[in-house]
Each structure stands twice: as structure tokens, then as C-alpha cells.
Amino acid sequence: MCGMKHDMGGSAGVLGGFQAAVQLKLPRKITLVLAIVENAIGPDAFRHDDILTMKSGKTVEVNNTDAEGRLILADCVSHASNSLGGVDVILDMATLTGAVMITTGKQHAGVLTKTRVMEERIFKAGMKTGDLVYPLLYAPELLKSEFSSKVADMKNSVKNRSNAQASCAGHFIESHIDESYEGDWVHVDMAGPDSTDERATGYGVALVLGLLEAPGFC
């Protein structure tokens with residue numbers, strides 16, 4: 001896994017933003033959910049064709065073991081949407097796909113959200129903080145079939161890599177949000193701006209603070 005030291009950039013970004021928000025004593029209730037896992041071969045590792053039962057209760061057929069991050073994030077958003085009280089916004093952030101760099105480039109993260117209000121809010125936060133973002137195509141009704149499985153509720157990776165792959169990955173995560181959840185959700189794929197020349201940039205910390213309207217970041 002050489003060159004992958006920065007592949008936990010999403011966790012680092014939300015952790016840094018959370019820590020800064022606490023230190024700034026922002027008058028907001030925020031909860032950080034981190035799923036810290038080891039990505040390694042071993043006797044307990046999942047394999048191609050395994051069928052996993054997710055925290056959401058949905059089943060996933062593994063057709064790509066390299067699409068592992070979305071499995072962890074899916075459990076995180078499921079937990080946030082049905083096990084925490086008073087949640088009005090769920091944000092997930094990850095170096096999820098290489099495809100996002102084809103869509104939004106190296107300087108912008110791709111963001112996927114179901115409401116225009118949330119899309120505009122995070123775009124403005126990116127412009128003000130310098131952690132730039134740009135919207136991805138939101139079309140679950142058109143892209144859901146990419147994950148079709150004959151033996152599970154879905155597969156974990158697309159069948160057509162040229163069909164809005166970064167959006168598809170976000171929709172996979174979204175599909176595990178509890179149906180009773182009525183708040184906003186935003187997915188941030190920051191595989192582009194999270195690093196430069198194999199060194200982390202710190203992307204995500206300022207974006208989180210911008211969304212929280214911290215002094216100096218809004």
C-alpha cells in the first residue's frame with residue numbers, strides 16, 4: 001500500500017475540525033463518528049463474492065475489495081441517522097474515489113447532497129475557507145442500477161466505471177441512511193485536494209469550521 005499514507009485524509013479532516021470546534025467552544029452540538037479500521041490482508045478480511053450484512057440491515061455483495069471505504073462510511077451514516085439524537089446534518093468525508101479527480105480536479109473536493117440548500121451552504125463554506133468544493137451529479141434514480149445484485153440488496157461497486165462513478169460511490173453511502181432520518185446529508189469526496197507530492201494538505205479542517213460558522217471561517 002505504498003503512497004497511501006494520506007488515504008485517511010477524510011478522518012483526519014473531520015477529526016481536526018471537531019477538535020478545533022471544541023477548542024473554540026462553538027455553541028453547537030456536534031458529534032464525531034470515526035470508524036478506524038486496518039486495511040490489510042488477513043484471515044478475517046472480506047473477499048470477493050462475500051455477502052455482508054450492514055448496520056443498516058441491508059446486504060452487500062462484494063464485487064470489489066478495493067471499494068472498502070464506502071462500506072465503513074455506510075455503517076457510520078447508518079449509526080448517525082438512527083442511533084444519535086437531534087441530528088440535523090450528517091457530513092461524511094473521505095478520499096473515496098480516484099474518479100472524483102476526473103470530475104472536479106485536484107483542487108476541489110466533490111460534494112454530493114440531496115438538497116439545493118445544503119449544496120449552496122457547503123459551496124459557500126468552501127469559497128470562504130479555501131477548502132474548495134464543487135457539486136457532483138445527484139441522481140440516485142438513474143444510478144441505483146449500477147449496484148444491482150441478484151443475491152443481495154446491492155453490490156459495493158459499479159458495473160460501468162464510466163457512469164458517474166464518484167456520484168455512484170456517494171449514493172451507495174446514502175442508501176444506508178435510516179429511512180426515518182429527516183435531516184440533511186452531505187458527502188465530501190476529497191481524494192483530490194487531500195495531498196500534494198505525497199504530503200497531507202490538512203484539507204477538511206477549515207471546511208468543517210466553515211460549515212459550523214466558526215469565527216474567522218464564515
Side-chain angles (χ1 to χ4, degrees), residues 1 4 7-8 10-11 14 31-85 87-100 103 110-115 118 136-191:
M1 302 292 288
M4 299 296 283
D7 205 32
M8 36 60 73
S11 292
V14 293
T31 301
L32 175 66
V33 178
L34 292 177
I36 306 300
V37 298
E38 180 65 61
N39 187 359
I41 297 171
D44 296 323
F46 63 78
R47 298 155 294 186
H48 288 104
D49 282 347
D50 279 357
I51 297 177
L52 310 177
T53 300
M54 307 293 286
K55 187 181 184 303
S56 65
K58 296 179 180 179
T59 54
V60 175
E61 178 187 0
V62 177
N63 65 327
N64 184 349
T65 54
D66 193 39
E68 82 293 354
R70 66 193 64 180
L71 297 170
I72 305 304
L73 285 169
D75 276 354
C76 285
V77 299
S78 174
H79 176 75
S81 62
N82 65 23
S83 300
L84 301 177
V87 178
D88 57 2
V89 176
I90 295 174
L91 177 145
D92 73 75
M93 184 184 297
T95 53
L96 198 65
T97 68
V100 75
T103 308
V111 292
L112 188 73
T113 182
K114 63 181 181 179
T115 68
M118 192 68 226
L136 296 171
L137 169 69
Y138 185 89
E141 71 282 4
L142 300 178
L143 300 174
K144 182 180 179 180
S145 61
E146 287 293 335
F147 296 101
S148 295
S149 169
K150 296 184 182 299
V151 293
D153 291 318
M154 66 194 76
K155 294 183 178 180
N156 75 316
S157 189
V158 296
K159 60 184 178 182
N160 183 350
R161 288 175 175 256
S162 64
N163 189 18
Q165 191 177 168
S167 294
C168 288
H171 285 313
F172 176 91
I173 295 166
E174 182 188 25
S175 69
H176 294 272
I177 294 174
D178 195 88
E179 292 182 359
S180 65
Y181 176 69
E182 297 180 346
D184 267 322
W185 162 79
V186 59
H187 163 67
V188 182
D189 189 340
M190 37 83 83

Distance (rounded to the nearest 0.5 Å) between Lys114 NZ and Ile177 CD1: 6.5 Å

Test item: side-chain donor near acceptor, Thr59 and Asp153, under 3.5 Å: yes

Partners meeting side-chain hydrogen bond (donor to acceptor under 3.5 Å, both in side chains) with Thr97 (sequence neighbours left out): Asp189

Ser56: which of His79, His176, Glu179 passes side-chain hydrogen bond (donor to acceptor under 3.5 Å, both in side chains): His176

Approximate separation, where rounding is to 0.5 Å, of Leu73 CG and Ser78 OG: 12.0 Å

Side-chain donor-acceptor contact under 3.5 Å, Glu146 with Asn160: no

Ser145: partners by side chain to side chain contact (heavy atoms under 4.5 Å, CB included), with sequence neighbours left out: Ser148

Nearest non-hydrogen partners of Leu136 and Ser167, listed with the distance: CB-OG, 3.6 Å

Criterion side-chain contact (heavy atoms from CB on, under 4.5 Å) against Ser157, the qualifying member of Asn63, Asp66, Val60: Asn63

side-chain hydrogen bond (donor to acceptor under 3.5 Å, both in side chains) partners of Glu174, counting only residues at least two apart: Tyr138, His171

Sole residue of Asp92, Ile90, Leu91, Val77 in side-chain contact (heavy atoms from CB on, under 4.5 Å) with His187: Asp92

Nearest heavy-atom neighbours spanning Glu61 and Ser149: OE1-OG, 2.5 Å

Full working for side chain to side chain contact (heavy atoms under 4.5 Å, CB included) between Gln165 and Thr103: CA-CA 9 Å; Gln165 191 177 168; Thr103 308; over 6 Å; no

Enclosure of Glu141 CD (heavy-atom neighbours >12, cutoff 6.0 Å): yes

Side chain to side chain contact (heavy atoms under 4.5 Å, CB included) between Leu112 and Trp185, intermediate numbers included: CA-CA 8 Å; Leu112 188 73; Trp185 162 79; 3.8 Å; yes

Nearest-0.5 Å distance, CE of residue Met8 to CG of residue Leu34: 9.5 Å

Contacts of Ser175 that satisfy side-chain hydrogen bond (donor to acceptor under 3.5 Å, both in side chains) - sequence neighbours left out: none

Val62: partners by side chain to side chain contact (heavy atoms under 4.5 Å, CB included), with sequence neighbours left out: Phe46, Asp50, Leu52, Thr65, Asn156

Full working for side chain to side chain contact (heavy atoms under 4.5 Å, CB included) between Leu96 and Ile173: CA-CA 11 Å; Leu96 198 65; Ile173 295 166; 3.8 Å; yes

Residue list, side-chain hydrogen bond (donor to acceptor under 3.5 Å, both in side chains) with Thr95, at least two apart or on another chain: Asp7

Residue pairs fulfilling ring pair (Phe, Tyr, Trp, His ring centres under 6.0 Å) with at least one residue in residues 145-164, sequence neighbours excluded: Phe147-Phe172

Sequence neighbours excluded - salt bridge (Lys or Arg N to Asp or Glu O under 4.0 Å) pairs with any residue from residues 154-169: none

Partners meeting side chain to side chain contact (heavy atoms under 4.5 Å, CB included) with Ala45 (sequence neighbours left out): none

Those residues that, when tested against Val89, pass side chain to side chain contact (heavy atoms under 4.5 Å, CB included) (two or more places apart): Met118, Arg121, Asp184

Side chain to side chain contact (heavy atoms under 4.5 Å, CB included) assessment of Asn82 paired with Tyr181: CA-CA 7 Å; Asn82 65 23; Tyr181 176 69; over 6 Å; no

